[in-house]
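Residue numbering restarts at 1 for every chain, and letters A, B, ... go by the order of the sequence lines.
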Amino acid sequence: MPAELPSRDDLQLVRRVLEGLPGVGGAQVLLIADGSEAAVSALVSDGRPPPEPSIPTSPPARLGAGGAHVVPGCLAAMDRAAVMAIAHTLHTVGSFCDVVEEGVEEGAEKAADALGAVPRHRWIVRRWLAALASENLPVPPSRPELARAMRDLDAARQELGYPAGMGRFFQAALRSLPRLVRDEITLQSLLFAGGGTSTAQGNYRDNLISRHLNRAAAEAVAARAPARVLEIGAGVGATTEAVLAAVGEVDYLFTDVSAFFLDAARERFARHPGLRYACLDINAPMALDERPFDVVLAANVLHNARHAGRTLAAIRELLAPGGALVLIESCVEHHLVSASMHFLMSPRADALLPGFADVRQGQDRVFLDRAEWTRQLAAAGYRDVRVEPAPDDPLAAAGQYVFTAARGERHPDPAPLLSKAAEALPPHLAPREIHTVDALITDRSHRP
Amino acid sequence: MTVEPEPQLRRIWADILDLPEHDISPGDSFLSLGGDSVLAVRTAALVRRRLGVVLAMSDIPVHHTLADLAAVVRERGAVRAADVPDLTVARRDDPLAPFPLLPLQQGYFVGQQDGWELSYESAHHYADLGLTGVDGDEAAEALRDALHRLAAHQPALRARILPDGSQRILDLDAPGAIPSLTVHDWRALDPEEAVRELAGLRAAMRAHGPDPATGPGIDLRLSLLPGGRGRLHSSMSLLLVDGWSSGVFHRDLFAFAADWNAVLAPLDIDFGDYVTAVQRLPETPQWQADHDWWWQRLDTFPQPPALPLAAEPDAVRADVMRSLETRLAPERWARVQERCRAHGVTPSAAALAAYAVALARTAGHRRFLLNSLQLNRLPLHPDVHRMVGAFSSTVLLPVELPERASFAVLARDLQALTGEALAHNLVSGVEVSRELARRWGTTRPVAPVVFQSTLGVDAAMGSAVPEEAGPLGRIDLADHRQELRTPQVAMEGRLYEARDELVIVLSLVEELFHAADVERLFATFTTLVRSLETPEGWESTCDLPVALDPDGGLRLGARPRATTGQDGGPPRDEVEQAVADCWRELLGLPERDRLDRAAEFFALGGDSLVAIRMLARLARAGLPQVTPRAFLAAPTVAGLAAAIRAKR
């Protein structure tokens with residue numbers, strides 16, 4: 001029988017206990033999943049001011065060679081098609097004018113009702129109305145405008161090098177918005193049609209943007225000459241391939257939360273010596289029975305972390321001295337993503353701990369922006385954070401970045417804190433884990 | 001049948017409709033239980049598999065009840081069919097790789113090469129549909145968008161025929177992969193001008209079809225006319241799109257055009273996957289049984305109907321097909337259908353009998369070979385009936401009409417004959433025709449008189465096409481014209497339904513026949529069909545010629561022409577040697593066999609497709625190009641060498 005979740009008051013109690021321990025300046029307490037139960041996790045800082053961010057010695061290399069100049073225009077066309085599809089979808093249930101007449105919040109409620117949207121996807125409807133409000137679309141699109149937008153989307157898709165299967169996926173998703181929002185079909189069924197991963201490969205590997213980013217990530221990993229690499233959320237193995245090609249002999253632990261991807265990878269990388277596989281959930285205690293790693297790679301996965309700071313701290317503890325985290329993340333919420341991939345992010349109806357517990361809580365968004373990731377990395381105890389591409393690079397229009405951050409060195413062992421906290425708290429509230437960090441990022445909606 | 005079929009049929013319906021057996025009563029129609037035309041076709045496949053009975057398309061209309069189906073199965077049950085072979089259709093590793101042509105596709109391919117008797121430029125199917133209430137500004141975009149989605153959904157629409165007689169599917173992103181829509185905006189014209197333009201467009205599209213060797217296999221056009229009217233014109237190459245596919249195409253196109261949000265369930269396999277699977281048919285015992293069945297009978301097969309001719313087929317350029325058409329009004333057609341049911345005969349079988357009688361009277365004899373087009377989609381995968389492709393095949397019908405018998409007896413006999421032939425359809429009529437031609441020692445078409453009925457198909461498809469399609473307005477399926485042009489056909493009798501009317505068409509190569517003979521034939525054919533409304537039409541004796549076989553004169557036939565003899569012996573010069581070497585390689589003849597200069601290409605095992613490849617190969621080797629026409633005049637090593645030398 002699942003126990004009741006600890007309340008806000010419970011978490012406040014834990015925080016006060018922790019802040020009373022010697023060496024602890026501030027604490028942040030949150031819940032994580034541990035199997036089918038919830039467990040308490042805590043971040044503690046020693047109260048000293050955070051270290052100065054170091055200035056990179058050379059500006060980041062320009063990634064935007066090799067055709068990247070087309071990226072801004074193509075992405076604009078793809079987003080425009082998404083806005084048209086969203087507008088059309090709202091129009092078919094008579095809700096096109098809701099955003100103008102009612103404002104985003106109220107309008108979204110009405111629109112979600114009119115669409116028959118299930119509760120877990122309503123945040124997406126709110127994003128749609130915000131998107132419409134931000135784009136200048138005075139009337140719903142006509143059939144010819146819609147058709148033209150779809151053709152432009154496909155032309156842009158081709159120009160960016162996404163394979164035809166990706167084009168069909170986007171078309172199917174945009175046309176299926178009413179069904180998706182009612183949970184009559186799942187996005188997975190469109191993305192993994194027929195049980196294959198080829199469409200997903202198209203999204204994460206076979207296109208201009210991903211190729212540039214995967215290559216940059218691979219170079220960042222190779223530059224550290226690692227002996228042991230841990231990849232988190234490796235999924236279809238798109239970045240894995242690029243990295244394996246760039247590093248020499250290496251012990252590579254390929255992990256994901258889903259056995260489906262592990263199986264596919266075992267087959268795909270069967271001929272690679274040195275590849276090992278394991279299940280790893282970034283929202284659960286990340287204890288692996290492993291020696292520390294020289295590089296941890298996380299491509300397009302960390303936005304799934306319930307609490308970014310906590311996951312970053314936990315990753316830091318897996319790194320060897322001198323180790324680094326290489327991270328690829330989306331930092332811009334494109335309209336096309338709001339009309340497709342975001343359906344993957346809606347909390348499952350039976351989720352124990354739905355939604356985010358960090359700054360994203362209650363904000364109807366999934367991604368942290370570039371500045372936020374930089375800040376989170378510094379606070380979680382990393383230094384020498386480098387980001388590519390530069391903001392003026394045409395590739396930056398895609399809003400995806402490669403962050404490289406080295407493990408910081410000034411963190412005391414949290415073990416003594418764990419035992420002291422366990423003495424002072426009832427068993428169900430004793431923290432399952434404590435991470436020492438450089439700073440705590442809090443905001444109004446989060447503070448327990 | 002000794003066993004009452006109803007319990008097994010109920011089980012079949014339960015499986016197909018996903019219902020518990022006790023929810024199905026004998027009086028419920030298939031449609032009311034949730035069935036549709038595609039499921040009806042699957043029912044027929046299961047009936048064949050589990051009861052061994054072959055049903056025609058028109059045996060399984062969706063409004064039939066379980067009791068109706070049991071009655072039909074009891075009637076057809078005389079012939080036991082071999083089960084469908086156990087072949088699986090799987091996705092090919094490389095969906096863009098070339099794959100072979102199916103036999104009828106090969107027939108069309110060859111028929112489009114100049115030189116074969118009754119060949120001409122393109123084999124295509126033309127149809128146009130009336131639209132009312134068209135949104136002129138939106139319709140074109142909606143159609144283009146629909147066509148784009150359809151080309152993604154149906155890979156066969158992106159297929160091309162390659163010069164060596166194989167085919168492949170283009171990647172969706174390849175240039176030219178997505179067929180384009182041509183729009184003719186005649187809204188601003190005077191009504192008479194618009195009518196003239198429309199007639200001109202129809203004539204042009206009827207005469208010239210799309211060429212899948214150089215571009216898409218379909219040509220789709222929208223004409224916008226004054227008064228919110230329009231027409232959707234489609235011309236489809238029979239090399240890539242068969243009759244059933246045309247229905248699938250229109251149904252899917254309208255689904256996409258009507259609803260911007262429509263997403264059709266993706267197809268798991270494509271036409272290339274199906275063709276690749278059926279290449280393994282000859283390994284199966286069922287195919288071998290069908291092969292033996294045909295091969296044992298071929299020596300008894302008659303010639304085609306010896307219709308009197310106005311010109312030598314060889315001298316005629318079959319550019320112009322003349323069509324005569326008549327329609328039966330809905331009430332009369334309904335009565336004919338009722339009478340057919342009462343006599344236990346499908347309307348197609350009855351029409352075939354009427355056609356056969358008309359042919360017999362015109363040709364002056366009672367025994368002849370007919371050709372019939374069949375759907376021939378083997379039920380190897382649930383998606384087979386949802387796919388566009390060129391699955392159709394032919395079946396040879398060796399007809400022998402009794403001298404004095406009632407029409408009812410005639411019709412039942414022909415129905416049994418057709419049923420028997422169809423029960424052995426794993427070997428296509430094209431392959432059987434090739435063997436027959438080999439035995440007759442001829443290169444002429446062995447069965448140039450064709451019968452085609454799409455009655456069940458049209459009903460099945462008609463129920464699936466919506467009444468309206470968004471900006472395209474209302475679709476009037478009754479306002480629909482069809483033209484079929486197939487090479488190596490001298491005369492074709494065709495039946496189809498346009499909503500509730502029966503349309504009877506006779507198409508023929510005009511220059512071949514005397515107009516008076518044609519008109520008489522057509523009159524006999526249609527009068528007979530109309531007479532089937534009355535009991536007398538069925539019971540009265542059909543007067544037929546006494547003669548079983550024809551006598552002489554300029555008549556349609558397949559007997560080989562006299563060719564100039566060649567002396568035998570080894571090849572005499574380097575040209576003859578080059579020809580002999582090429583034939584040895586292409587035909588896979590053993591090295592040690594000496595190839596005689598009088599050896600005949602088709603007797604050695606070559607067929608028309610290999611002949612085209614062989615001529616192309618010799619031309620690529622630097623020898624002067626010889627046309628199929630010149631080759632066929634003397635298809636021996638010496639003969640071909642002489643033709644090559646003559647070109648130097």
> So what's closer than 4.5 Å to chain A heavy atoms on B:Ala262: side chain, backbone, both or neither?
Replying inline: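 Only the backbone of B:Ala262 comes within 4.5 Å of chain A.
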> In terms of heavy-atom proximity below 4.5 Å to chain A, should B:Asp137 be classed as side chain, backbone, both, or neither?
Replying inline: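 The backbone, not the side chain.
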> So does B:Arg149 pair up with A:Asp154, basic N to acidic O under 4.0 Å?
Replying inline: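 Between A:Asp154 and B:Arg149 there is no salt bridge, as every charged N stays at least 4.0 Å from the carboxylate O atoms.
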> Looking only at atom types and distance, does a side-chain atom of A:Arg175 sit under 3.5 Å from a main-chain N or O of B:Asp259, one as donor and one as acceptor?
Replying inline: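 Judged by distance alone, no pair lies under 3.5 Å.
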Is [Y] close to [X] at the side-chain level, that is, under 4.5 Å between some pair of heavy atoms?
X	Y	result
B:Asn261	A:Ser176	no
B:Arg144	A:Arg148	no
B:Leu172	A:Gln158	no

>> Let's test your reading of the structure: which of A:Gly167, A:Ala172, A:Pro163, A:Ala164 forms the most heavy-atom pairs below 4.5 Å with chain B?
In response: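 Most heavy-atom pairs under 4.5 Å with chain B: A:Ala164.
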> Out of A:His88, A:Met150, A:Glu145, which one racks up the most heavy-atom pairs below 4.5 Å with chain B?
Replying inline: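 Highest number of heavy-atom pairs under 4.5 Å: A:His88.
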>> Atom CZ of residue position A:Arg126 - does it have more than 12 heavy atoms of other residues, nucleotides or ligands inside 6.0 Å?
In response: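 More than 12 within 6.0 Å, yes.
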> Should we count CG of B:Asp94 as having more than 12 external heavy atoms under 6.0 Å?
Replying inline: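 Count over threshold, so yes.
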> Roughly how far apart are A:Arg151 CZ and B:Ile178 CD1, rounded to 0.5 Å?
Replying inline: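 Atom-to-atom, A:Arg151:CZ and B:Ile178:CD1 are 10.0 Å apart.
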> So what's closer than 4.5 Å to chain B heavy atoms on A:Arg143: side chain, backbone, both or neither?
Replying inline: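 For A:Arg143, the contact with chain B is made by backbone and side chain together.
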> Relative to chain A, which of B:Ala142, B:Ala139, B:Ala140 shows the most heavy atom pairs under 4.5 Å?
Replying inline: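 The candidate making the most pairs under 4.5 Å is B:Ala142.
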